[in-house]
Visitor: 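Can you read through this structure? Questions will come right after.
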Amino acid sequence: MSAVTTSRYVADFAITCDADFSLLTNAVLDVTDGRISWIGEENEAPKHDGPINQLGGLVMPGLVNSHAHTPMTLVRGAGDGLPLMDWLTKVMWPREGQMTPEDALWGMRLGAAEMLLSGVTSSCEMYLFEEALVEASKEVGIRLVMTPGIISAVHGESFGATDSRIAAIADFHAQHHDPESLVTVGFGPHSAYDLPLELCAEVASAARDLDALLHIHVCETQHEGAEREAQHGGKSMVELLADYEILDGRVLAAHSVWVNEVDIATYAKKGVGVAHCPVSNMKLASGTAPVMSMRSQGIQVGLATDGPASNDDLDLWQEIKFAPLLARVTALDAAAMTPRDALTMATVEGSRAIGNDDTGILEIGAKADFIRLELDSPTFVPVTNDDELVAHVAWAGSGRHVTDVWVQGRQVVANRRLINFDLERAIAEIQSRGGRLAKESGT
């Protein structure tokens, strides 16, 4: 049996995203068996006899995309200008209805590649064709929280159809859920406006039985839940979810734009995490989520791109910039959300919201998901103090600054190129398959 090797990485700076939001100078990061075994400044580093990688630049945790439908790379750009429900029913769902597992496989391959190249090392996915998504994620090397989707058009015709889907997801969980690997599994009922509350409650119960994540759209648009709310005496959608015990257990509420203070208090009481999708919410004119109020009550809020058809890319750096911009202009307060807040939401806070407590942070024992940024860029100078460097990363950082990416200690991007992945073929496949979906659906 061979001895475990520790690899050492040396960088000019490291942003750890720990509780103190430490910024290290002349930083050393040791990785042993896929986890961080030491992190600190070089003058305090332990003796090391293994390989040393002189990175320069800045290292930080990989970004966490807390809510996505990544195979929608196949329908990117379609239906622009339509409100959410028309966009879904008239363009998205007709095209997706023509999709095959192999289409989804290529859609996820290209999307995972796009994310890794921009420094996103984890993604929480709600979609069908879950086997294909797992296969693609493992091939490309991204960390995946897979929450197989449950939608009315496919699974909501009867309780029996939903029972069958719940059983299939439970079996999928038994096969693929492995917190020590790159894949964990939850349940993804689309929403309580798409599925009956009773069915969502069934799914939530199944998720609790497995201590699995329940991932659901909540209050994305202003009037989506009006029919359900009217049927139940005007209670808010969040109140209804709580009444039906759908918020019990480990829950991720995507969007949560149209929630009030009582709803937010309910989230806080139940320990619900939130995926904040500022660019998607702006593109679809859905509104602005009250993120500052949520975080003030201790709610874990992650940043997310949503699907690549409603964004239209999977580069989380846009969310890092737009989340504080929206918070500030809404509050008319230039201090409403700081660069540190935004970077925390994009890393450790998002990781916790999707149920991964040992990623999104550079600390001893955490999984070694980290990225390198090239600081030799006009947008990163001057730096006269630590706060300015952090501000540059948050306000001016983008995928073009990411040069290298590691997931669980394995390098997957080197010098801005994916390792062992044919990006040109994936682009060609999506062009061809996307065209076929448009033609077959007549949209």
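Note: hydrogens, waters and symmetry copies are ignored here, and every other heavy atom, side chains too, is used.
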Visitor: Can you name the closest pair of heavy atoms from Gly287 and Val257 and give their distance?
Guide: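 Smallest interatomic distance, heavy atoms only, reads C-CG1, 3.5 Å.
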Visitor: Is a side-chain N or O of Thr16 found less than 3.5 angstrom from the main chain of Ser22, in a donor-acceptor match?
Guide: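 Answer holds: yes.
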Visitor: Find the distance between CG (Asn356) and CD1 (Ile361) and round it off to the nearest 0.5 Å.
Guide: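 That separation rounds to 13.0 Å.
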Visitor: Would you say the side chains of Gln318 and Asp313 form a donor-acceptor pair under 3.5 Å?
Guide: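 Judged by distance alone, the side chains do pair up.
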Visitor: Indicate yes or no for a side-chain donor-acceptor contact from Ser118 to the backbone of Met115 under 3.5 Å, with no hydrogens or angles considered.
Guide: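 Yes; at least one donor-acceptor contact below 3.5 Å.
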Visitor: Quick check: does any side chain N or O of Arg95 sit under 3.5 Å from a backbone N or O of Val75, one acting as donor and the other as acceptor?
Guide: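 Not confirmed, Arg95 side chain does not pair with Val75 backbone.
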Visitor: Do Glu388 side-chain atoms and Thr384 backbone N/O form a donor-acceptor pair below 3.5 Å?
Guide: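 Yes; judged by distance alone, with no hydrogens or angles, the pair exists.
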Visitor: I'd like to know whether CZ of Phe21 has more than 12 heavy-atom contacts from other residues, nucleotides or ligands below 6.0 angstrom.
Guide: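 Enclosed: over 12 neighbouring heavy atoms sit under 6.0 Å from CZ of Phe21.
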Visitor: Roughly how far, to the nearest 0.5 Å, is the CD1 atom of Ile264 from the OG atom of Ser293?
Guide: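 It comes to 3.5 Å.
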Visitor: Please, which pairs that meet side-chain hydrogen bond (donor to acceptor under 3.5 Å, both in side chains) have at least one residue in residues 344-353, sequence neighbours excluded?
Guide: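 Matches after skipping sequence neighbours: Arg295-Glu349, Ser351-Thr359.
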Visitor: If I compare all heavy atoms of Ser137 with all of Met108, which pair ends up nearest, and what's the gap?
Guide: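 Shortest heavy-atom separation between Ser137 and Met108 comes out as OG-CE, 3.5 Å.
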Visitor: Have Thr379 and His392 got a donor and an acceptor in their side chains that come within less than 3.5 Å?
Guide: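 No, no side-chain donor-acceptor contact under 3.5 Å.
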Visitor: Taking all non-hydrogen atoms of both residues into account, name the closest pair between Ala113 and Leu423 and its distance.
Guide: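 Residues Ala113 and Leu423, closest heavy atoms: CB-CD1, 4.0 Å.
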Visitor: So, Thr221 and Glu224: side-chain donor and acceptor under 3.5 Å apart, yes or no?
Guide: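 Present: a donor and an acceptor within the cut-off.
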Visitor: Tell me, which pairs form a side-chain hydrogen bond (donor to acceptor under 3.5 Å, both in side chains) where one or both residues lie in residues 183-193, sequence neighbours left out?
Guide: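 Residue pairs with at least one partner in residues 183-193: there are none.
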Visitor: Assess whether side-chain contact (heavy atoms from CB on, under 4.5 Å) is satisfied between His401 and Phe380, documenting all intermediate values.
Guide: CA-CA 10 Å; His401 297 116; Phe380 285 167; 3.8 Å; yes
Visitor: Can you tell me which residue pairs pass the salt bridge (charged side-chain N to carboxylate O under 4.0 Å, His left out) test with a partner in residues 34-52, sequence neighbours excluded?
Guide: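 As it turns out, the salt bridge (charged side-chain N to carboxylate O under 4.0 Å, His left out) pairs with a partner in residues 34-52, which skip direct neighbours, are Arg35-Glu180, Arg35-Asp358.
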Visitor: Could you walk me through whether Lys321 and Glu319 satisfy the salt bridge (charged side-chain N to carboxylate O under 4.0 Å, His left out) test, starting with their C-alpha distance in whole Å, then the side-chain angles of each, then the deciding distance to 0.1 Å, before giving a yes or no?
Guide: CA-CA 5 Å; Lys321 182 167 186 173; Glu319 320 301 325; over 6 Å; no
Visitor: Please report the interatomic distance CD1(Ile15) to CG(Leu58), rounded to the nearest 0.5 Å.
Guide: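 One finds 4.5 Å between CD1 of Ile15 and CG of Leu58.
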Visitor: Check whether the side chains of Arg400 and Ser398 place a donor and an acceptor atom closer than 3.5 Å, and report yes or no.
Guide: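 A donor-acceptor contact under 3.5 Å links the two side chains.
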Visitor: Among side-chain atoms of Thr147 and Tyr127, is any donor-acceptor pair under 3.5 angstrom?
Guide: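 No pair is found: no donor N or O on one side chain lies under 3.5 Å from an acceptor on the other.
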Visitor: Is the backbone of Met337 close enough, under 3.5 Å, to the side chain of Asp341 for a donor and an acceptor to pair up by distance?
Guide: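 Side chain of Asp341 to backbone of Met337, a donor-acceptor pair under 3.5 Å: no, none is there.
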Visitor: Can you name the one residue among Arg436, Arg433, Arg109 that meets salt bridge (Lys or Arg N to Asp or Glu O under 4.0 Å) with Glu102?
Guide: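 With Glu102 as partner, salt bridge (Lys or Arg N to Asp or Glu O under 4.0 Å) holds for just one option, Arg433.
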Visitor: Between Asp18 and Leu362, does the side-chain contact (heavy atoms from CB on, under 4.5 Å) criterion hold? Intermediate values first, please.
Guide: CA-CA 7 Å; Asp18 60 8; Leu362 302 186; over 6 Å; no
Visitor: Show the nearest heavy-atom pair for residues Gly62 and Thr121, with the distance to one decimal.
Guide: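 Taking every non-hydrogen atom into account, CA-OG1, 3.2 Å.
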Visitor: How far does CD1 of Ile39 sit from CG of Asp30, to the nearest 0.5 angstrom?
Guide: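 Atom-to-atom, Ile39:CD1 and Asp30:CG are 8.5 Å apart.
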Visitor: Mind checking ring-ring contact (aromatic ring centres under 6.0 Å, His included) for Trp406 and listing every partner two or more places apart, or none if nothing turns up?
Guide: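 For Trp406, the residues satisfying ring-ring contact (aromatic ring centres under 6.0 Å, His included) (neighbours in sequence not counted) are Tyr9, Phe370.
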Visitor: After noting the C-alpha distance and the side-chain angles of Leu252 and Val272, does the key distance pass the side-chain contact (heavy atoms from CB on, under 4.5 Å) rule?
Guide: CA-CA 6 Å; Leu252 175 69; Val272 173; over 6 Å; no
Visitor: Test your reading of the model: is there a side-chain donor-acceptor pair from Arg328 to the backbone of Ala334, 3.5 Å cut-off?
Guide: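 Indeed, once roles are kept as given, a pair shorter than 3.5 Å links the two residues.
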Visitor: Could you tell me whether the side chains of Asp404 and Gln411 share a donor-acceptor contact shorter than 3.5 Å?
Guide: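 Per modelled atom types, Asp404 and Gln411 side chains form a pair under 3.5 Å.
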Visitor: Quick check: does any side chain N or O of Asp263 sit under 3.5 Å from a backbone N or O of Asn260, one acting as donor and the other as acceptor?
Guide: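 Looks like yes, one N/O pair under 3.5 Å.
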Visitor: For Glu130 and Arg165: C-alpha separation, side-chain torsions, deciding distance, then whether salt bridge (charged side-chain N to carboxylate O under 4.0 Å, His left out) applies.
Guide: CA-CA 12 Å; Glu130 53 270 13; Arg165 181 61 169 159; 2.8 Å; yes
Visitor: Closest heavy-atom contact between Val405 and Gly119?
Guide: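 So the two residues come closest at CG2-CA, 4.2 Å.
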Visitor: If a pair satisfies side-chain hydrogen bond (donor to acceptor under 3.5 Å, both in side chains) and one of its residues is in residues 53-74, list it, with sequence neighbours excluded.
Guide: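 Counting only pairs at least two positions apart or across chains, the side-chain hydrogen bond (donor to acceptor under 3.5 Å, both in side chains) contacts touching residues 53-74 are Asn65-Thr305, His67-His69, His67-His215, His67-His217, His67-Asp306, His69-His217, His69-Asp306, Thr70-Glu125.
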Visitor: Under 6.0 Å between the ring centres of His173 and Phe187?
Guide: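 That pair fails the under 6.0 Å test.
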Visitor: Taking the side chain from Gln408 and the backbone from Ala368, do they hold a donor-acceptor pair closer than 3.5 Å?
Guide: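 No, the answer is negative, given that no donor and acceptor are paired below the 3.5 Å cut-off.
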Visitor: Just by distance, no angles: are the side chains of Arg416 and Thr403 close enough, under 3.5 Å, to form a donor-acceptor pair?
Guide: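 There is no such pair (donor and acceptor under 3.5 Å, judged by atom type) between the side chains of Arg416 and Thr403.
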Visitor: Distance check, rounded to the nearest 0.5 Å: Asn311 atom CG versus Met72 atom CE?
Guide: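 Those atoms lie 11.5 Å apart.
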Visitor: Measuring from Ser310:OG to Glu220:CD, what's the distance to the nearest 0.5 Å?
Guide: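 Taking OG in Ser310 and CD in Glu220, the distance rounds to 7.5 Å.
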Visitor: Taking Trp258's backbone N and O only, do any of them form a donor-acceptor pair with His255's side chain (distance below 3.5 Å, no angle check)?
Guide: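 A pair under 3.5 Å: no.
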Visitor: Would you name the heavy atoms of Thr266 and Ala242 that are closest together and state the gap between them?
Guide: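 Smallest interatomic distance, heavy atoms only, reads CG2-CB, 4.0 Å.
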Visitor: Would the distance check show the side chain of Arg250 and the main-chain N or O of Leu214 forming a donor-acceptor pair, the cut-off being under 3.5 Å?
Guide: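 Here the side-chain-to-backbone pair does not exist.
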Visitor: In chain order, what residues pass the ring-ring contact (aromatic ring centres under 6.0 Å, His included) check against Phe13, with sequence neighbours excluded?
Guide: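 Not a single residue meets the ring-ring contact (aromatic ring centres under 6.0 Å, His included) criterion with Phe13.
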Visitor: Kindly indicate, with the supporting measurements, whether the criterion side-chain contact (heavy atoms from CB on, under 4.5 Å) is fulfilled by Thr330 and Met292.
Guide: CA-CA 10 Å; Thr330 300; Met292 296 301 294; over 6 Å; no
